[in-house]
Amino acid sequence: MSPLKRIAYFVGLPIVLIVLWYALSFGSTNFFVPKPIELAQTLWTTWIGDRFFEDVLPSLGRLAVGLFFAIGLGIVLGLLIGSTRWLRNLLEPLLEFFRAIPPPVLVPLLMLLIGVNDSMKVAVIISGAIWPVLLNTVEGVRAVDSVLNDSCRSYGIAGFARIRYFVLPAVTPQIMAGVRQSLSIGLILMVISEMFASSSGLGFTIVQFQRNFAIPEMWSGIVVLGLIGLGLAIIFQFVERRVLHWYHGLKEITHDS
Amino acid sequence: MRKQRSAAAGPKAKALGLGIGGIILFFLIWEAAPRLGLVSDRYLPPASEVLARLGQYLTEAAFWKDVADTMTSWALGLFIATVAAIVVGLIIGSSRFLRRATHTTIEFLRPIPSVALIPLAVLIFGTSIESTLLLVVYASFWQVLLQLLYGIADVDAVANDTAKSYGLGRLARVRYVIWPTALPYLMTGLRLAAAVALILAITAELIIGTPGLGKQIALTQSGGAISSMYALVLATGMIGVLINLGARIIEKRVLSWHPSVRGEVVL
């Protein structure tokens, strides 16, 4: 495919949609529907400046800390639980139950236990985002190739080396699949924790706009959240490509043959 | 293999026993922590108190009304999202041009967190059930659509060409070639969407205040009825477990012909 055609495919539909939006909202005085240019201006004036440092950055910071601990703890605990059979049997039904609890209900619960502060919001993100990583890691450790496992054992590879060179690479595809789910859950929880109990942050600000009927500002907030989601997805894809390049390569080869 | 299978009955029973033991252990710790004063029982009431409250809830009509409200928005939202995603997915998936042209738009819209739509839902629908539906449909639509598109992309080119040269029309190919290939992916999408739909249904009730279990949790929390709140949280967890189990059973039923499921049975 020629590069020109590729670009056309890439931007074609978005341009058509924006033009359509522009045309349809041109003469409209509908209070709820923003116009494209107006929205772009509002986006700029509302979010660039003080608000960026007071609301957006702290929100992103909490999200980053929460996700870091959720993923880290998820992998470590997952490796531990997955490689100890009795521990796995002991905890599996319990973990299934915890995963099934819709994470947003933990917001009022943790508010009570920790109080309304930053650590509560981080705890909410951790307590919701840890499950996909944890359970996928457990599942992955359980499904490691038994031949490779026996080979490791007969070569006397044990302890840390076994985890570093055999278990961890083997479960990385599963871990990454879990991380992908964790990212979106983490983002949702960041917003909810701020909507429910906060006086700052992205979620709070957007709800505030809506309550004051500041409609263009509200829409611009939705766009900001969308951009953050998109940014996370792009970062994830980049990291996944790097971490799992061997895996994608392997899959391509086995598909070809 | 055979040896493992015959030995499996013993360890399986043992695993089940350990699992039940784990649950009992968890409740014992929960019971002990507030009783020993490790956590104030104003914030974490003992397990027995919460379980008793849950048992009491189970006899109350108001509780079942809340459950019915939550499950209605869950089921309705999931149904609308699935039908919409299947229609859109089959249309986009059947043409290379559409697949390529919609790629960026889908990749852009998909990561938008559905909770970003909460203010919009409040503005348009207020605290009626449509608010919940908007969030549930938006969130579960992408889960199903993406899996379906992956599935359609996985269709064997040779099988498709064979069907073409045997004179199968477009519709027949969708029915006999594309649909069976995409079905396992679709079921995965449905399973994910079922869990996500519950999360969003509860979220909407919690934040917006549409009727249902989530609203009740927010009310009990602000009213200081702490053991009631814990009981309701347990109830949502149980609904989640039931949904996960149900989705897995349906997946197995629908895909009983598929190697991935057949394989599990043989092992």
Side-chain angles (χ1 to χ4, degrees), chain A residues 8-14 17 32 85-86 88-94 96-109 111-113 181 183-185 187-192 195-196 203 206-207 209-211 213 215 218-219 221-233, chain B residues 14-23 25-26 39 43-44 100-105 107-120 122-124 192 195 198-203 206-207 213-214 217-218 220-222 226 229-230 232-234 236-244:
Chain A
Y9 271 124
F10 198 77
V11 297
L13 189 61
L17 288 177
F32 295 122
R85 185 190 291 250
W86 66 269
R88 195 177 73 213
N89 287 337
L90 187 71
L91 294 179
E92 210 154 44
L94 210 55
E96 282 293 331
F97 179 74
F98 275 110
R99 173 172 59 175
I101 296 179
V105 304
L106 298 171
V107 177
L109 206 150
M111 223 167 96
L112 212 65
L113 285 173
Q181 284 179 40
L183 290 184
S184 48
I185 293 180
L187 183 56
I188 287 179
L189 288 175
M190 176 199 93
V191 178
I192 292 177
M195 280 182 175
F196 200 80
I206 294 173
V207 169
F209 285 144
Q210 175 251 317
R211 288 195 182 132
F213 290 97
I215 306 302
M218 181 198 87
W219 273 107
I222 294 176
V223 173
V224 169
L225 283 180
L227 289 176
I228 293 175
L230 189 68
L232 276 180
Chain B
K14 213 174 141 197
L16 193 70
L18 266 173
I20 294 170
I23 294 174
L25 194 68
F26 169 74
V39 195
Y43 302 130
L44 182 71
R100 280 204 195 125
T102 52
H103 184 74
T104 34
T105 315
E107 285 301 310
F108 178 77
L109 289 176
R110 186 176 62 95
I112 295 179
S114 42
V115 286
L117 300 178
I118 286 180
L120 191 67
V122 175
L123 210 60
I124 302 176
L192 293 174
L198 181 69
I199 296 180
L200 266 301
I202 300 269
T203 306
L206 194 69
I207 308 269
L213 281 174
I217 290 176
T220 49
Q221 192 258 350
S222 55
I226 303 308
M229 184 192 81
Y230 277 94
L232 290 171
V233 169
L234 278 186
T236 56
M238 283 169 190
I239 293 176
V241 170
L242 287 181
I243 286 176
N244 288 349

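Just so you know, these numbers come straight off a predicted model, no measurement behind them. The analysis underlying the following values was restricted to heavy atoms, covering all of them including side chains, and did not include hydrogens, waters or symmetry mates.
A 4.5 Å side-chain heavy-atom check between B/I199 and A/P104 finds at least one atom pair inside the cut-off.
Residue contact with chain B, scored on non-hydrogen atoms closer than 4.5 Å, involves the side chain of A/L17 exclusively. For A/R211, no part sits under 4.5 Å from any heavy atom of chain B, backbone or side chain. The contact between B/L192 and chain A is made entirely by side chain atoms (from C-beta outward), counting heavy-atom distances below 4.5 Å. Both the backbone and the side chain of A/E96 have a heavy atom closer than 4.5 Å to some heavy atom of chain B. Interface remark: A/L91 contributes no atoms to any contact with chain B (heavy atom separation under 4.5 Å). Heavy-atom distances place the side chain of B/I118, and not its backbone, under 4.5 Å from chain A. For B/A101, the parts lying under 4.5 angstrom from a heavy atom of chain A are both the backbone and the side chain.
For the options B/I239, B/L234, B/I243, heavy-atom pairs under 4.5 Å to chain A are most numerous at B/L234. Chain A forms more heavy-atom pairs under 4.5 Å with one residue of B/I23, B/L242, B/I207 than with any other, namely B/I207. Taking B/G22, B/S114, B/P119 one by one and counting their heavy-atom pairs under 4.5 Å with chain A, the maximum is reached by B/P119. With chain B as partner, the option from A/L90, A/V207, A/I101 having the largest number of non-hydrogen pairs under 4.5 angstrom is A/L90. Taking chain A as the reference chain and counting heavy-atom pairs below 4.5 Å, the highest number among B/N244, B/I226, B/I20, B/L109 is found for B/I226. Contact count against chain B (heavy-atom pairs under 4.5 Å) is highest for A/L225 among A/I228, A/L187, A/I206, A/L225.
Residues satisfying the side chain to side chain contact (heavy atoms under 4.5 Å, CB included) criterion with A/P108, sequence neighbours excluded, are A/F196, B/L206, B/I217, B/Q221, B/M229. Evaluation of the ring-ring contact (aromatic ring centres under 6.0 Å, His included) rule for A/F98 yields A/W131, B/F26 as partners, not counting sequence neighbours.
A pairwise comparison of heavy atoms in B/G237 and A/P102 identifies N-CD, 4.4 Å as the closest pair. Nearest approach of A/A100 to B/G240, heavy atoms of both residues: CB-C, 3.5 Å. Nearest heavy-atom pair across A/P93 and B/G19 is CG-CA, 3.5 Å. Nearest approach of A/L112 to B/Y43, heavy atoms of both residues: O-CD2, 3.5 Å. The shortest heavy-atom contact between A/Q210 and B/V122 is NE2-CG1, 3.2 Å.
Atom CG of A/L13 sits about 3.5 Å away from atom OG1 of B/T105, to the nearest 0.5 Å. A/F97 contributes atom CZ, which lies 5.0 Å from atom CE of B/M238 (distance to the nearest 0.5 angstrom). Between atom CE of residue A/M218 and atom CG of residue B/L123 there is a gap of 5.0 Å, rounded to the nearest 0.5 Å.
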| said: Pair B/T203, A/I192 - check side chain to side chain contact (heavy atoms under 4.5 Å, CB included), show working. | reply: CA-CA 8 Å; B/T203 306; A/I192 292 177; 3.1 Å; yes

